[in-house]
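Everything numeric in this text was worked out from a predicted model, so none of it was measured. Values reported hereafter were calculated over all heavy atoms of this structure, with side chains retained and with hydrogens, waters and symmetry mates removed.
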Amino acid sequence: MSQDTEQQVCDIIGKHCPPGAPTILPSFTLTDIGIDSLNAMEILFDIEDHFKIELPDRDPSFDSDSVQGLVNAVTDALAAKASAAQAPSGQADELAS
């Protein structure tokens, strides 16, 4: 699933790339690809909407956070969502806190 998740994240990023942007590699930062901070925020919202997840509130560093770091955050959020869905109702509330 991670490879599929990585491809989906890269596809979402690709929709926001400026013309002539380099191929998206996991080691690249959004800045390396030519994504400005406004487009980066739109990417985060699109990812959350696409995967039906909420990424942790944090101030992303677009100069140092890699595409792979974003994929990892999505994978973690999907795993937490799956765990919450499988937990009994009382435990799901505790996991969400």
Yes or no on side-chain contact (heavy atoms from CB on, under 4.5 Å) for I43 and I47, after CA distance, side-chain angles and deciding distance? CA-CA 6 Å; I43 288 168; I47 287 172; 3.7 Å; yes
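- In this structure, CD in E42 is found 8.0 Å from CG in D36, a value given to the nearest 0.5 Å.
- Of all the heavy atoms in P26 and S66, the pair that sits closest is O-CB, 3.5 Å.
- Within the structure, side chain to side chain donor-acceptor pair (under 3.5 Å) contacts touching residues 19-28 (residues at least two apart or in different chains) do not occur.
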Chi angles and distances behind the side-chain contact (heavy atoms from CB on, under 4.5 Å) call for T29, I33: CA-CA 7 Å; T29 65; I33 304 166; over 6 Å; no
Evaluation steps, side-chain contact (heavy atoms from CB on, under 4.5 Å), between L25 and V67: CA-CA 7 Å; L25 298 176; V67 170; over 6 Å; no
Which donor-acceptor pairs under 3.5 Å do side chains of residues 8-20 form with protein atoms, sequence neighbours excluded?
{"from": "Q8", "atom 1": "OE1", "to": "H50", "atom 2": "NE2", "distance (Å)": "2.6"}
{"from": "Q8", "atom 1": "NE2", "to": "D4", "atom 2": "OD1", "distance (Å)": "3.4"}
{"from": "Q8", "atom 1": "NE2", "to": "D4", "atom 2": "OD2", "distance (Å)": "2.7"}
{"from": "D11", "atom 1": "OD1", "to": "Q7", "atom 2": "NE2", "distance (Å)": "2.7"}
{"from": "H16", "atom 1": "NE2", "to": "D46", "atom 2": "OD2", "distance (Å)": "2.6"}

Verify side-chain contact (heavy atoms from CB on, under 4.5 Å) between L70 and D65, making sure each step is shown before the conclusion. CA-CA 7 Å; L70 187 54; D65 287 348; over 6 Å; no
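- In this structure, F28 CZ and Q68 CD are separated by 13.5 Å, a value rounded to the nearest 0.5 Å.
- Residue A77 comes nearest to I53 through the heavy atom pair CB-CD1, 3.7 Å, listed as atom of the first residue, atom of the second, then distance.
- Within 6.0 Å of the CD atom in E54, the count of heavy atoms belonging to other residues, nucleotides or ligands does not exceed 12.
- No side-chain donor-acceptor contact under 3.5 Å links T75 and N72.
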